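A quick write-up on the structure given underneath.
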Amino acid sequence: MSERTPIFSRTQVKPLALLGLVIGGVVALFQNCGTYEPMDDPLFSAGTQSACIGPTCVQDLNYLNLYVGNADPILITRTTERAIDLGGYCDSAGYPDTKIYVELRSGATSVIPPYASLSKCDSNGRFRVLLELSANYNYNLAYSIVLTFRAVDAEGNEYDHPTGVNRREVTVLTAP
């Protein structure tokens with residue numbers, strides 16, 4: 001029987017083992033456990049806003065605000081999309097509850113009159129509204145969605161921002 005010649009000599013194995021250990025350590029460090037920047041709430045800046053967001057804050061209607069995160073205009077696909085999903089950030093100005101009113105308009109005409117959605121501003125300062133399109137929705141027209149965000153006190157009274165910045169409008173267009 002003949003003796004086989006090893007593929008690697010003992011002097012070559014040690015550097016290869018060390019290289020394998022280093023590569024394995026580098027790969028282990030990058031297993032999606034790295035840090036990332038969380039989404040910043042554009043309504044909250046410690047330098048310009050109150051020190052907190054939500055119902056535990058002092059009630060001040062000057063902080064009542066809504067920011068829609070969807071791109072403006074919203075493009076929908078002809079006859080295939082039956083709903084529009086809106087989301088973004090909100091500040092309840094320290095009030096215990098909120099309401100978001102939704103309206104669909106074509107020019108000055110209200111196609112879907114304002115109604116109180118089931119959506120609210122959550123404890124993290126976020127909201128999400130789903131607007132379902134009716135069966136007779138005309139994809140040939142341009143529309144706008146109007147969101148009105150209101151603070152609600154413990155007695156159920158609703159309040160707007162003193163200057164009206166709690167109202168946002170987003171254009172809806174149909175992609176060809």
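Because the structure is a prediction, the values reported are computed rather than measured. Below, each value reflects all heavy atoms present in this structure, side chains not excepted, and no hydrogens, waters or symmetry copies.
- To the nearest 0.5 Å, the span separating OG on Ser106 from OH on Tyr143 amounts to 5.5 Å.
- Interatomic distance, NE2 of His161 versus CG of Leu66, reported as 12.0 Å (0.5 Å rounding).
- Asn166 and Asp160 share a side-chain donor-acceptor pair at under 3.5 Å.
- Side chains of Val129 and Phe127 form a contact here, defined as non-hydrogen atoms less than 4.5 Å apart.
- Taking CG of Leu104 as the start and OG of Ser110 as the end, the distance is 7.5 Å to the nearest 0.5 Å.
- Following chains of ILVMFWY side-chain contacts shorter than 4.5 Å, one can reach Ile100 starting from Tyr159, so the two form part of one hydrophobic cluster.
- Between the Tyr95 side chain and the Leu61 main chain, no donor and acceptor come within less than 3.5 Å of each other.
- Of the possible polar contacts, one joining the Arg82 side chain to the Ser134 backbone as a donor-acceptor pair under 3.5 Å is found.
- Among all heavy-atom pairs drawn from Leu64 and Ala93, the shortest one is N-CB, 3.5 Å.
- Linking Ile, Leu, Val, Met, Phe, Trp and Tyr whenever their side-chain heavy atoms come within less than 4.5 Å puts Ile112 and Val102 in one cluster.
- For Glu103 against Pro113, the heavy-atom pair with the smallest separation is CG-C, 4.3 Å.
- Both tests hold for Arg150 against Tyr101: distance to the six-membered ring centre under 6.0 Å, angle to the ring axis within 45°.
- In this structure, the separation between CG on Asn70 and CD1 on Ile84 is 9.0 Å, given to the nearest 0.5 Å.
- Here side chain to side chain donor-acceptor pair (under 3.5 Å) pairs that include residues 112-121, with residues two or more places apart or in two chains, are Asp97-Lys120.
- Side-chain contacts under 4.5 Å among hydrophobic residues (ILVMFWY), followed directly or transitively, place Leu75 together with Leu173.
- Closest approach of Pro96 to Val152, counting heavy atoms only: CD-O, 3.4 Å.
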As a quick check of understanding, evaluate side chain to side chain contact (heavy atoms under 4.5 Å, CB included) for Leu133 and Ile76, giving each step before the final call. CA-CA 11 Å; Leu133 304 176; Ile76 61 172; 4.1 Å; yes
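- Nearest heavy-atom pair across Asp91 and Phe149 is O-CE2, 3.3 Å.
- The 12-atom threshold is not exceeded at CZ of Arg128, counting heavy atoms of other residues, nucleotides or ligands nearer than 6.0 Å.
- Distance OG1/Thr163 to CG/Asn62: 7.5 Å, rounded to 0.5 Å.
- As a member of the Ile/Leu/Val/Met/Phe/Trp/Tyr network built from side-chain separations under 4.5 Å, Val165 groups with nothing else and remains a singleton.
- Hydrophobic clustering of Ile, Leu, Val, Met, Phe, Trp and Tyr side chains at less than 4.5 Å, counting indirect connections, unites Tyr137 with Val111.
- Here the CG-CD1 distance, from Asp72 to Ile74, works out to 7.0 Å after rounding to the nearest 0.5 Å.
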